[in-house]
Amino acid sequence: MGKTAKAWIEATRPRTLPVSVAGVMGGLACSLTFGHFRLLPFLICLVFALLAQIVSNFANEYYDYKSGIDRKGREGFRRGVTEGDIRPATMKRVTFILLGADCLIGASLIIWGGWWLIFVGLLIAIFALAYSAGPFPLSRIGLGDIAVVIFYGIIPVCFTAYLTGGTSAHMQLTAPVGLALGLLADNVLIVNNYRDAVDDKKVGKLTTVVIFGRKIMLGVYCLNFTLALTVITVFFVINRPVVWIVCWAVIEILYIFVAAKIAGNSGAALNPRLKQTAQLMLLTCAAMIVAAAT
């Protein structure tokens, strides 16, 4: 595989793509608890969510390069635009082409959800760019965590549950689960920013880790997965066989293990913890689906 091809694959940030998949899977788990399931809208939601995350990642790479936030030799994964593997103009063009394609894919969900979903789609499209672009990029002013909770937790869970067979009332019932998964998604961002704290501070990028410090945000990481698993336990585990309580205990132990590894490392050594945090979110949602279907 050529250098440019590898750079494009790396630009999608495959280690964190499980986050968008997990949000849609969480919505499916909720839908199954209501006794509903439509395959086609679920698959469309899945493709839409994945492509939206890739668009956001591409935009982040391009706009962080243009603003001077990304520099060569950074602690994180190699950035193709910054390192000269991908032309900036090409990255920008591909970003907007994919954004347009994703909008068209999302528009097909009107069949199941109604025309008002156009506004939701526009909001998601704006977020994909506003996270890194515009006069007040969310990722640089300490609002990235809130945005991640909303757009990788609440929105995908609630709307997937609705589009795969639920009702507006079901969306309200699934909101706590969406918030829980949003907290797990935020943990991925926390590890990312924990790793990049030194580089971010040098260029004036105000992530929550830069603002509050590593120690506090590691505590937030632990609080996030504890609250999230508690909510998920209430929705999917109570009144089920003991094996599910054991399953959730094992998942929590795995989170504690990763948190301990985060506390003892810095810089590029945290890249595996970033991947593991995303994988744990996906594992949690897979367990939710199995619990809901049995």
Side-chain angles (χ1 to χ4, degrees), residues 17-53 102-124 127 148-186 188 225 227-241 243-245 247-248 251 278-294:
L17 289 181
V19 173
S20 54
V21 175
V24 177
M25 288 175 62
L28 171 61
C30 292
S31 184
L32 290 173
T33 62
F34 304 135
H36 302 289
F37 175 60
R38 295 185 186 128
L39 178 60
L40 186 54
F42 166 74
L43 294 176
I44 294 173
C45 285
L46 189 60
V47 173
F48 176 79
L50 269 170
L51 197 52
Q53 184 176 357
D102 203 30
C103 288
L104 290 176
I105 291 170
S108 67
L109 292 169
I110 292 172
I111 297 172
W112 295 276
W115 286 98
W116 66 281
L117 288 179
I118 289 289
F119 298 102
V120 180
L122 288 174
L123 186 64
I124 294 171
F127 159 75
V148 164
V149 170
I150 294 172
F151 288 95
Y152 289 101
I154 296 173
I155 287 181
V157 170
C158 292
F159 283 93
T160 300
Y162 171 68
L163 290 164
T164 54
T167 65
S168 56
H170 289 150
M171 290 177 67
Q172 298 174 25
L173 292 172
T174 58
V177 178
L179 176 60
L181 292 185
L183 295 177
L184 295 183
D186 181 43
V188 177
F225 73 70
L227 290 175
L229 294 180
T230 299
V231 170
I232 293 169
T233 297
V234 171
F235 274 77
F236 294 95
V237 179
I238 289 179
N239 297 324
R240 296 185 186 276
V243 65
W244 285 109
I245 298 176
C247 177
W248 251 253
I251 291 175
Q279 289 173 335
L280 276 175
M281 182 181 177
L282 191 63
L283 174 64
T284 301
C285 291
M288 288 165 56
I289 291 174
V290 176
T294 56

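Here, residue 1 is the first one in the sequence, and each next residue gets the next number.
If you take CG on L184 and SG on C285, they are separated by 7.5 Å, rounding to the nearest 0.5 Å. Note: C103 SG to L122 CG = 7.0 Å, rounded to the nearest 0.5 Å. L50 CG to D102 CG: the interatomic distance, rounded to the nearest 0.5 Å, is 9.5 Å. Note that CE of M281 is 12.5 Å distant from CD1 of I251, once rounded to the nearest 0.5 Å.
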Worked check of side-chain contact (heavy atoms from CB on, under 4.5 Å) between L32 and M288: CA-CA 10 Å; L32 290 173; M288 288 165 56; over 6 Å; no
Candidate pair I232 and L181, rule side-chain contact (heavy atoms from CB on, under 4.5 Å), full reasoning: CA-CA 9 Å; I232 293 169; L181 292 185; 4.0 Å; yes
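Minimum heavy-atom separation, S31 to G165: OG-N, 4.3 Å. Closest approach of D186 to V148, counting heavy atoms only: N-CG1, 3.6 Å. Here the closest heavy-atom approach between residue S108 and residue I105 is recorded as OG-O, 2.5 Å.
For W115, there are no ring-ring contact (aromatic ring centres under 6.0 Å, His included) partners two or more places apart in sequence or in a different chain. Here F236 pairs with nothing under the ring-ring contact (aromatic ring centres under 6.0 Å, His included) rule; sequence neighbours left out.
Residues I124 and F151 are in side-chain contact: their nearest non-hydrogen atoms beyond the backbone lie under 4.5 Å apart. In this structure the side chain of T164 never reaches within 4.5 angstrom of the side chain of H36, judged on heavy atoms. Here the side chains of L163 and C45 are in contact, with some heavy-atom distance below 4.5 Å. You'll find the side chain of F225 stays beyond 4.5 Å of the side chain of L280, heavy atoms only. Between L179 and V231, the closest side-chain pair of non-hydrogen atoms is not below 4.5 Å.
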Identify each donor-acceptor pair in which a side-chain atom of residues 18-27 lies under 3.5 Å from a protein atom, sequence neighbours left out, and give them as a table.
| unit_1 | atom_1 | unit_2 | atom_2 | d |
| --- | --- | --- | --- | --- |
| S20 | OG | L17 | O | 3.0 |
| S20 | OG | Q53 | OE1 | 2.7 |

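A ring-ring contact (aromatic ring centres under 6.0 Å, His included) with F159 is found for one member of F42, W116, F119, F48 and no other, namely W116. I44 pairs in a side chain to side chain contact (heavy atoms under 4.5 Å, CB included) with only one of the listed residues (V47, L40, L46), which is L40.
Residues W248 and F235 keep their aromatic ring centres 6.0 Å or farther apart.
Taking the six-membered ring where tryptophan is involved, the planes of Y152 and F127 are perpendicular, since the angle between them exceeds 60° and thus also 30°.
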